[in-house]
Peer 1: 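Following this message is one structure expressed as structure tokens.
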Amino acid sequence: MMAVMEHAYYASFGYQITSFFAASSRYGTPEDLKELIDVAHSMGIQVLLDVVHSHASKNSEDGLNQFDGTNACFFHDGPRGNHDLWDSRLFDYSNWEVLRFLLSNLRWWIEEYGFDGFRFDGVTSMLYHHHGIGCGFTGDYNEYFGLHVDEDSLVYLMLANHMIHSLYPDCITIAEDVSGMPALCCPVTQGGGGFDYRLAMAVPDKWIQILKEFKDEDWNIGNIVHTLTNRRYNEKCIAYAESHDQALVGDKTLAFWLMDAEMYSNMSVMSPLTPVIDRGIQLHKMIRLITHALGGEGYLNFIGNEFGHPEWLDFPRKGNNESYHYARRQFHLVDDQLLRYRFLYAFDRDMNRLEEKFGWLSSPPAYVSTKHEGDKIIVFERANVLFIFNFHPYKSFTGYRIGVNTPGKYMIALDTDCEAYGGHQRINDRTEFFTENLSYNDRQYSLLVYIPCRVALVLHNVDNY
């Protein structure tokens, strides 16, 4: 949950915190928030708070700034105490009282409201004196270890994770770090940062870049696979195709990048399926599935993206004449049986149910056996499940050989081309695939499949499940 901690400026999306211990009054009372969390728990849902300890509002009337009349009460004095891009104040994590304040704040949200953990915002800004401004991280270790690392901030994050996991072993902590700091998600006892997960922030950026800059036939399959698998061993990642960063004003949701203005006129099942809408629906499903299956050990969905929410998200501000028009989520779209959004939602539901059945997120990373640039085919195995993606815009393949490591009979567990998901039902979902004793692509066995264009298949081994 975002924007829960009280903030003065609504259009800051909850990131200019003024009152760290207060639940925002915009949405109701503290008791309402407690009830919401209790109801979520009764449904088996864990609730994480988007906690902002990386900076604070510079408001002095209603915030922490100049709390004792000086600039150096909770924050660094001088330039080090200001974030140039965010126009906010930066904490002095070497100050004993600052540590007490922030650690107490974490305990407060857990003990008073019952939150099950945190997503720490702006961790990259905390980790480095340069705050990541103007830095492109390549993975070279010199970028992560040196005098440019803010050791006080790093120690605070280690302290916070140590406290949380010691007092509340079931709590989850997630780091929003774009830099890829090594060992950030290793236990504190190993000298790590102590986080359970980090957000795989390169993945949604890659999808937006591809859709903006490349024609479908020019997609770099190897680069897509590299982006989805580029994570350190034993450091868990939360993968996502898009989040609030992509949906905010100035950008567009994934569905809107794919289908744009046609979403206003051609999403009705009463109108013909245009090439733009057809492409958008098929790729939206495939992008979500490959991100879910290959991208990490957790999957994040931003509100509305599960059914391809159109447009973007914006809050009232001077730049839009204080308009609330885009400060909304149109949930009625998915309930309308005459609109195609329900197809995207049905696919999302079944994709997540399939993961519950096979548990690929909690399995070791996938083995990618095929990434064919010409055919635009990606094949990988994870959790004894076989994933086949054909991203080619018009080439379908019959008798396409796929390498597998487990012999037996395979059947379709999920087909993005299914009619219930807005597909063309080019494959019989009762088709049986049998392995041959023929090694292929470094796999001991292989099988032949028909894989139409812009379709993903998930096959499971019925003999070994």
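We're numbering straight along the sequence, starting at 1.
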Peer 1: Is the distance between the ring centroids of His55 and Phe91 less than 6.0 Å?
Peer 2: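 No, too far apart.
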
Peer 1: With heavy-atom distances below 4.5 Å as the criterion, would you say the side chains of Phe20 and Phe74 are in contact?
Peer 2: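 Heavy-atom side-chain distance check fails, nothing below 4.5 Å.
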
Peer 1: Just how far is it from atom CD1 of Ile287 to atom OG1 of Thr416, taken to the nearest 0.5 Å?
Peer 2: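 So the CD1 of Ile287 and the OG1 of Thr416 are separated by 11.5 Å.
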
Peer 1: Which class fits the ring pair Phe101 and Phe21: parallel under 30°, tilted 30 to 60°, perpendicular over 60°?
Peer 2: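 Phe101 and Phe21: perpendicular rings.
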
Peer 1: Within 45 degrees of the ring normal and closer than 6.0 Å to the centroid, is that where the cationic atom of Arg232 sits relative to Tyr144?
Peer 2: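 Yes, Arg232 sits over the ring of Tyr144.
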
Peer 1: Does the plane of the ring in Phe347 sit parallel, tilted or perpendicular to the ring in Tyr421? Use 30° and 60° as the thresholds.
Peer 2: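 Geometry flag for Tyr421 against Phe347: perpendicular rings.
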
Peer 1: Between Phe315 and Phe13, what is the ring plane arrangement, given parallel below 30°, perpendicular above 60°, and tilted in between?
Peer 2: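 The rings of Phe315 and Phe13 stand perpendicular, inter-plane angle above 60°.
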
Peer 1: According to the interplanar angle, ranging from 0 to 90°, do the rings of Tyr264 and Phe256 count as parallel (below 30°), tilted (30 to 60°) or perpendicular (above 60°)?
Peer 2: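 Tyr264 vs Phe256 ring planes: perpendicular.
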
Peer 1: Should the pair Glu176-Arg198 be classified as a salt bridge under the 4.0 Å nitrogen-to-oxygen rule?
Peer 2: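 Looking at Arg198 together with Glu176, the answer is no, because their closest N to O distance does not fall below 4.0 Å.
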
Peer 1: Parallel, tilted or perpendicular: which describes the rings of Phe389 and Phe391, with under 30° parallel and over 60° perpendicular?
Peer 2: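 The rings of Phe389 and Phe391 lie parallel, inter-plane angle below 30°.
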
Peer 1: Does Gly180 offer a backbone N or O that forms a donor-acceptor pair with the side chain of Asp177 under 3.5 Å?
Peer 2: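 Present.
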
Peer 1: Is a side-chain donor or acceptor of His83 paired with a backbone partner of Leu85 at a separation under 3.5 angstrom?
Peer 2: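 Side chain of His83 to backbone of Leu85, a donor-acceptor pair under 3.5 Å: yes, one is there.
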
Peer 1: Between Phe387 and Trp360, how do the two ring planes meet: parallel, tilted or perpendicular, split at 30° and 60°?
Peer 2: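 Taking Trp360 first and then Phe387, their aromatic rings stand perpendicular (interplane angle over 60°).
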
